[in-house]
Amino acid sequence: MKLIKSMCKAALLLAAFSLFASPLQAAPYDGYSYYYWGTTASTPNAYLPEKVIDGAEQGVGKLNSPTDMFVGADGQVYVLDAGNGRIVVFDKDWKAVRQIREFKNGAKQERFANPQGIFVTDHGRIYVADTDNSRVVELEGDGTFVREIGAPKADVIRAGFEYFPRKVAVDRAGRIYVIGRGVFDGIMEMDSDGNFTGFMGTNKVSFNFVDYIWKQLSTKEQRSKLAQFIPLEFNNLDLDQEGFLYTTTAEISSEEPIKRLNPTGVDVLRREGYIPPMGDSYSSNPDASSLLIDIKVGDNGIYSALDSRKGRIFTYNEDGNLMYIFGRMGEQVGTFKTPVALESRGDEFFVLDQATNRITIFKPTRYGALINQANEMLISGQYTEAESKWRELLTLDANNEIAYVGIGKAMLRQGENKLAMENLHLGYDRVYYSKAFGKYRKEMVREYFGVGMTGLIVLIAVLWGLRYAKRRSTGKVKANVT
């Protein structure tokens, strides 16, 4: 009997555990987020690892030092398997559908040399940053060679310029954007014919004031040995649906490691949250801060950045508010050693790990799904439904500030300005609180202006009458004599 009871208890515990464990394993990390005062607090996990892909179980052999991946418009995943000199294409069910190892360029059969970046257009054209071959290669979807785009040529190109393309993106107009290794001038922009048109989005020069003074006092020989004040180098990019470029800069000294560049190269990223979009940032210990290595733009203005130092994914909404954080470095399945690329498909995230030679697939928990759904409903104008989702989220995390902000925004767009102010105050959103306060003030003026003016006129009339009566009683006003 005791044995049966013990077995029943064990079964109940196992069932309870299965409700909270991911399909792959128990959570290999704890959820957390930042709040208004800059402190962190525990939250439910927004995403958990579902499974891993290494190529072996898919029948194409293990990946070897992969460097990048891309999800095409058809949902297929293109993995740049640099160590094996190939592109591996997986369908939506992670079945390998083809490999591209070589291509015929004229009369020559050619291969990639340490390729670092891949991009696939909506029409299925593949662009590869063939780094050590100093070119960008364009291929048909089946691997047929189309053309190669070599080093840019223009008067603005500095002497000694070396062309080692690392990342590439192509917009709907066919313009090509290339990030090169050691290129501090900005992103190289080329037209649809591959002609260089200029640099865009140059980062600000980063320097230390003490070093600057010291450099001014140094001799010419000493200055030549000091570090040069040069702009920070971009390391990755992605395009949103409007054709704006999102970029990352893996430098601790960069105050804006994430940018959104318009066609003229001006940064227009919204930073309305109280914590700017930069991952983890610690002024007291910069070595513990994030080093962002990749960025993925989703729908509705949402974007996610991959931290190569801590293996974390930071997701922000269109205003720059932090939505959730997940992932970490480690030895467990579901953690990373050298994360190099981030992609998404629907509500899934994929992280490519160069050291473990595998892709980890993440799926949202109930907590993460509620945040995604509520944000999507808010953007699409389903304010009542969005408010309901945000309130449901508060049952899982009563201190979730983004939920209060979401409720406040929903109320604001429904004209419930006073309630919007209350919730935005709880979410510490100064920008939208000011908007709600302005609308509430106008609402009060419109509602009470007529009554207030009527009361004022009556008061003036009464005061004038009393004054007139007083003056008459003292003889200062003469009565009419008939």
Side-chain angles (χ1 to χ4, degrees), residues 67-73 78 80 115-122 125-131 135-138 149 152 163-192 194 196-204 231-251 254 256-269 277-279 290-298 301-308 313-316 320 339-344 350-352:
T67 52
D68 203 6
M69 64 178 170
F70 192 89
V71 175
Y78 297 74
L80 192 56
Q116 297 292 304
I118 187 169
F119 186 92
V120 183
T121 68
D122 292 345
R125 283 287 176 93
I126 304 171
Y127 288 77
V128 177
D130 194 8
T131 307
R135 64 183 178 179
V136 171
V137 176
E138 181 181 351
I149 302 167
Y163 185 57
F164 295 103
R166 295 179 57 204
K167 301 297 176 183
V168 60
V170 183
D171 66 16
R172 292 178 180 176
R175 288 183 291 263
I176 304 165
Y177 303 94
V178 179
I179 290 177
R181 186 174 70 209
V183 178
F184 306 99
D185 311 83
I187 298 171
M188 292 171 277
E189 180 181 353
M190 303 173 188
D191 62 22
S192 57
F196 177 72
T197 57
F199 293 101
M200 68 175 296
T202 307
N203 279 314
K204 296 177 182 178
L232 300 174
E233 180 183 349
F234 290 113
N235 62 10
N236 225 318
L237 75 170
D238 196 15
L239 283 160
D240 67 10
Q241 295 174 342
E242 299 176 32
F244 287 74
L245 276 175
Y246 282 72
T247 65
T248 52
T249 303
E251 291 287 344
S254 175
E256 298 173 349
I258 299 176
K259 290 185 176 181
R260 184 180 186 237
L261 305 178
N262 66 13
T264 62
V266 176
D267 180 20
V268 294
L269 186 72
M278 58 192 309
S290 295
L291 289 177
L292 303 183
I293 195 69
D294 196 7
I295 189 162
K296 178 60 185 176
V297 184
I302 294 176
Y303 56 95
S304 302
L306 176 63
D307 179 0
S308 64
I313 294 89
F314 298 84
T315 298
Y316 302 89
V340 293
L342 173 69
E343 278 293 318
S344 65
F350 312 138
V351 177
L352 180 65

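- The side chain to side chain donor-acceptor pair (under 3.5 Å) test with Thr248 is passed by exactly one of Asp238, Asp294, Asn235, Asn236: Asn235.
- With Asp307 contributing its side chain and Leu291 its backbone, the two residues share a donor-acceptor pair below 3.5 Å.
- When all heavy atoms of Ser192 and Ala173 are compared, the pair lying nearest together is CB-O, 4.1 Å.
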ask   = Going through the distances and angles, do Asp240 and Tyr303 end up as a side-chain contact (heavy atoms from CB on, under 4.5 Å)?
value = CA-CA 9 Å; Asp240 67 10; Tyr303 56 95; over 6 Å; no
query = For Val136 and Tyr163, what are the C-alpha separation, side-chain angles and deciding distance, and is it a side-chain contact (heavy atoms from CB on, under 4.5 Å)?
reply = CA-CA 10 Å; Val136 171; Tyr163 185 57; 3.7 Å; yes
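- Between Phe119 and Phe70, the distance separating the two ring centers is shorter than 6.0 angstrom.
- The main-chain N or O of Gly198 is never found under 3.5 Å from a side-chain atom of Glu189 such that the two would form a donor-acceptor pair.
- Between the side chain of Asp267 and the backbone N or O of Arg260, at least one donor-acceptor pair lies under 3.5 Å.
- To the nearest 0.5 angstrom, Met188 atom CE is 6.5 Å from Phe199 atom CZ.
- Closest heavy-atom contact between Phe234 and Arg166: O-NH1, 4.4 Å.
- With hydrogens and angles ignored, the 3.5 Å screen pairs a side-chain donor or acceptor of Lys167 with a backbone N or O of Gln116.
- Considering all non-hydrogen atoms of both residues, Val351 and Pro339 come closest at CG1-CB, 4.1 Å.
- Ring geometry for Tyr316 versus Phe314: interplanar angle under 30°, hence parallel rather than tilted (30 to 60°).
- One distance of note links CD1 of Ile179 with CG of Leu237; it measures 4.5 Å at 0.5 Å rounding.
- Ser304 places no side-chain N or O within donor-acceptor distance of the main-chain N or O of Lys296, the cut-off being under 3.5 Å.
- Pro277 and Gly320 get closest at one heavy-atom pair: CG-O, 3.9 Å.
- In this structure, Thr249 OG1 and Ile295 CD1 are separated by 10.0 Å, a value rounded to the nearest 0.5 Å.
- When all heavy atoms of Ala305 and Ile258 are compared, the closest pair comes out as CB-CD1, 3.9 Å.
- To the nearest 0.5 angstrom, Thr121 atom OG1 is 11.5 Å from Leu239 atom CG.
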request  = Please report the C-alpha distance between Glu138 and Ile176 in whole Å, then the side-chain angles of each, then the deciding distance to 0.1 Å, and finally whether the side-chain contact (heavy atoms from CB on, under 4.5 Å) criterion is met.
outcome  = CA-CA 11 Å; Glu138 181 181 351; Ile176 304 165; 5.8 Å; no
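- Atom CZ of Arg175 is separated from atom CG of Asp191 by 9.5 Å, given to the nearest 0.5 angstrom.
- Of the possible donor and acceptor atoms, one in the side chain of Thr131 sits under 3.5 Å from a partner among the backbone N and O of Pro165.
- At least one donor-acceptor pair closer than 3.5 Å links the side chain of Asp68 to the backbone N or O of Ile118.
- Of all heavy-atom pairs between Gly117 and Leu80, the closest is N-CD2, 3.4 Å.
- With rounding to the nearest 0.5 Å, the separation of CG in Leu261 from OH in Tyr177 is 9.5 Å.
- No donor-acceptor pair closer than 3.5 Å links the side chain of Thr67 to the backbone N or O of Val340.
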